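Read the structure below first, then the notes.
Just so it is clear, the values below take in all heavy atoms, side chains as well, and ignore hydrogens, waters and symmetry mates. Residue numbers begin at 1 in each chain, while the letters A, B, ... track the order of the sequences. It should be emphasised that the depicted structure is a prediction, and the values quoted were computed from it without experimental measurement.
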Amino acid sequence: MLIESPVAYVGLAVLLVLILASVVTFIIKKQQGHSLSTQAVELDQRIRSWWWMMILLFGCLFLGKLASITLFMFISYLALKEFFSTVPTQHVDRSVLFWAYLSIPLQYYWVYSAWYGMFLVFIPVYVFLLLPFRRVLTQKAEGFTQAMGIIHWGVMLSVFCLSHIAFLLQVDTHSTASSGSSLVLLLLLTTQFNDIAQYICGKSFGKHKIIPQISPNKTWEGFIGGVICTTILTSQLAPLLSPFSFSQSLILGLIISSMGFVGDVVMSAVKRDLGIKDYSQLIPGHGGILDRCDSLIYTAPLFFHYYAYLYY
Amino acid sequence: MKKSLYKLLFFALWMKPLAFILIGLNIVRVGTLPTEGPSVVIANHNSHLDALILMSLYPLRIINQVRPVAAADYFFKNKYLKWFATRCLDIVPIDRNNRQLNETFEICNTALNNGQILLLFPEGSRGNPEELGKIKKGLFYMLKDRADLACLKIVPVFMYGLGKALPRGEALLVPFNVDVIIGKALVFPETSKDFVHAIGQTFQDLQSYCLHKGVFQELKDE
């Protein structure tokens with residue numbers, strides 16, 4: 001049964017792609033000999049990291065719901081930690097940050113218990129109202145407004161938005177072929193594919209800058225190439241992994257590719273504002289969790305609600 | 001033997017996972033950490049976690065050779081803390097109130113002579129969160145008469161973020177990522193003044209490798 005599930009088929013396909021990527025990297029390294037270019041080193045690191053990320057993802061998906069939800073909870077935690085470590089905070093904010101961290105296990109408990117209503121309102125309503133109160137209890141007004149804006153935005157990005165990936169595991173797909181985990185896979189693969197496609201198209205054909213003040217390496221050619229490639233991939237993958245029809249899959253491809261781009265540039269704007277290159281060094285070759293999940297922050301909730309609108 | 005096992009288990013089962021999960025390190029290697037004694041690692045001091053995080057950078061295989069120099073009056077003030085400081089950390093205890101500096105220096109030099117790697121905080125105490133305090137001269141006088149000065153490695157390490165995670169006077173640990181910048185070995189200077197200046201300057205230089213730009217405004221030189 002496990003072997004026949006579409007998740008396993010897609011897993012095999014990912015395995016083949018990774019093997020191919022590793023072989024190509026190996027050949028490039030062989031050609032360059034001892035004096036490896038920095039690009040080759042980075043490519044090598046990236047592919048290695050992709051192996052680890054895919055092993056973790058598929059491992060947890062096969063282990064089941066609890067393991068998968070725990071994985072996404074941990075990812076949310078690492079993302080929030082990166083965010084709080086990057087943005088300016090004060091000594092008095094520490095207690096508020098601590099409470100903000102506590103929202104993670106609770107939010108993922110609502111996911112685990114499939115409490116849809118609470119999952120939707122917990123962070124935008126309850127956490128939103130509680131954190132400023134905790135800051136008031138510190139009796140220090142200095143920097144209050146700025147701190148609350150920063151902290152709540154961070155919780156929304158890293159906990160609320162990313163937890164939508166995990167809630168996909170709880171939806172009823174009304175079919176035997178697809179399941180919650182196949183929806184997760186569809187979201188993650190299309191979003192990450194879009195990142196890579198936009199990068200490669202930009203590197204190959206990029207001429208006209210799309211948003212130079214925020215992200216100088218992004219081009220119209222990269223963006224449009226990514227949209228085309230991702231929409232094609234989604235139209236093939238979605239009917240296999242989800243109940244989406246062909247035309248619905250095309251729209252999904254457009255949502256993923258365009259909104260993935262938006263997520264990417266939003267998180268780049270934060271980095272540019274703070275004058276940093278990466279959020280952390282957690283994933284060799286990629287940077288931090290937030291560098292890898294920037295587009296997911298946008299695509300996860302939008303994918304979820306597109307699905308919920310059509311099928312829930 | 002038993003004593004070293006506590007330390008090994010403490011770092012393997014508790015400190016290393018904690019450094020990864022609750023803290024999260026961004027390590028920048030400008031130089032390399034010494035893996036053989038006698039050598040001295042000096043770092044800026046903001047938190048109780050400083051020594052623990054520095055030690056967790058070392059592979060378990062040589063963790064028993066790495067010993068933090070710490071104040072006996074603080075760490076031996078009750079029996080639980082003393083047990084932890086001697087068993088799990090294996091500190092080199094120095095008495096800050098002892099006017100006989102030679103005795104203090106001798107304890108450290110004996111450890112160095114045994115081929116150990118000492119961790120030292122030349123600012124003395126932890127000071128205000130993420131602020132560089134005044135560099136003390138003690139280390140210069142401790143080392144200056146050593147015969148092996150030419151090959152003794154003194155490696156500076158700058159850490160940013162632990163003063164946010166667990167600052168002085170706070171009991172609540174709040175998770176923050178930490179930048180750890182490992183500098184190049186220092187050349188031992190002629191005078192204590194040069195020594196203090198060199199250390200202060202190195203810490204300043206290493207700050208520029210921090211991931212976070214905010215550091216520049218937040219850190220003030222003495």
Return yes when atom [atom1] of [X] has more than 12 non-hydrogen atoms of other residues, nucleotides or ligands closer than 6.0 Å, and no otherwise.
X        : atom1 : answer
B:Lys184 : NZ    : no
B:Lys153 : NZ    : no
A:Trp99  : CH2   : no
B:Glu36  : CD    : no
A:Arg48  : CZ    : no
A:Tyr126 : OH    : no
A:Tyr112 : OH    : no

B:Leu211 and A:Gln281: CA distance, side-chain angles, deciding distance, side-chain contact (heavy atoms from CB on, under 4.5 Å) verdict
CA-CA 9 Å; B:Leu211 252 70; A:Gln281 292 181 347; 4.2 Å; yes
Out of A:Phe84, A:Tyr279, A:Tyr77, which one racks up the most heavy-atom pairs below 4.5 Å with chain B?
A:Tyr77
Under a 4.5 Å heavy-atom cutoff, which of A:Leu80, A:Leu78, A:Thr86, A:Asp93 has the most pairs with chain B?
A:Thr86
Within the side chain of A:Tyr101, is there an N or O that forms a donor-acceptor pair under 3.5 Å with the backbone of B:Val174?
no
Check for a donor-acceptor pair, side chain of A:Arg94 on one end and backbone N or O of B:Leu172 on the other, with a separation under 3.5 Å.
yes
Any side-chain heavy-atom pair from A:Phe98 and B:Leu173 closer than 4.5 angstrom?
no
Less than 4.5 Å apart, any side-chain heavy atom of A:Lys81 and any of B:Leu22?
no
Counting heavy-atom pairs under 4.5 Å with chain A, which one of B:Val178, B:Val28, B:Asn26 comes out on top?
B:Asn26
Nearest atoms (heavy-atom pairs only) where B:Pro167 meets A:His91
CG-CE1, 3.3 Å
Can you tell me which portion of A:Asp278 sits under 4.5 Å from chain B's heavy atoms? Options are side chain, backbone, both or neither.
backbone
